[in-house]
Amino acid sequence: MAKMTLDEAGREYLVEIGLEPVGNRAILVQYAPNDNLGDKLAHLFTSEPYILQMCKNELVLLPMHTRIAVGTVLYYSLENKVALQLSYPSIQSVEVTEKGTNYMVAITTDTDTIHLLSPKKGVSAFMGATGAWHTNNIDDTLQMLKNLQADAADGIN
């Protein structure tokens with residue numbers, strides 16, 4: 001049996017808990033630090049990655065853990081839990097901008113604005129299989145995020 005990629009494992013978990021993930025609409029993200037130097041330094045050493053998975057009626061963040069083995073080789077493992085679930089109607093706007101080697105994704109909801117960073121294609125090339133599916137999904141996922149306003153009423157496919 002072939003080993004599942006993290007996005008495949010994430011989709012399988014979401015189906016098990018009753019959500020409907022949209023195929024090839026998952027990317028790697030991290031919470032973005034505030035602009036002060038202390039937050040940026042803390043983020044550098046403590047930020048864990050997430051899988052942002054678009055589902056039919058909601059946007060979901062699944063936590064991952066970074067493991068370093070033998071030098072600087074990174075391995076990721078998926079935690080089977082939902083860290084954040086946002087229904088599409090609660091999302092007021094999504095803004096995607098370039099910020100260094102990342103995309104900054106600002107999701108404004110009814111109550112807050114969530115800032116996420118997602119690596120650009122060139123950076124994700126250094127992440128092995130995890131980076132490969134991220135690279136394959138990044139353009140279409142970011143475009144779908146930008147288009148959420150028009151699709152929110154009926155869910156997405």
Item to check | side chain to side chain contact (heavy atoms under 4.5 Å, CB included) involving T111 - partner list, sequence neighbours excluded | outcome: T109
Item to check | Closest contact, heavy atoms only, R11 versus G23 | outcome: CD-CA, 4.5 Å
Item to check | Side chain to side chain, M64 and Y50, heavy atoms closer than 4.5 Å | outcome: no
Checklist outcome for this item: Applying salt bridge (charged side-chain N to carboxylate O under 4.0 Å, His left out) to E20 and not counting sequence neighbours gives none
Checklist entry - Do L116 and Y31 have side-chain heavy atoms sitting under 4.5 Å apart? => result yes
Checklist entry - At their closest point, which heavy atom of K81 faces which heavy atom of Y13, and how far apart are they? => result CA-OH, 3.3 Å
Next on the checklist: If you define the side chain from C-beta out and look only at heavy atoms, does anything of V105 sit under 4.5 Å from V29?
Outcome noted: no
Next on the checklist: In the structure I gave you, are the side-chain heavy atoms of I51 and W133 within less than 4.5 Å of one another anywhere?
Outcome noted: yes
Next on the checklist: If you define the side chain from C-beta out and look only at heavy atoms, does anything of C55 sit under 4.5 Å from L14?
Outcome noted: yes
Checklist entry - Mind checking what makes side chain to side chain contact (heavy atoms under 4.5 Å, CB included) contact with N24, not counting sequence neighbours? => result N137
Next on the checklist: Checking side chain to side chain donor-acceptor pair (under 3.5 Å) between Q92 and each of T108, T113, D110, which is the one that passes?
Outcome noted: D110
Checklist entry - Looking at side-chain heavy atoms only, is the closest gap between T141 and R25 below 4.5 Å? => result yes
Checklist entry - With a 4.5 Å heavy-atom cut-off, do I17 and N80 have their side chains touching? => result no
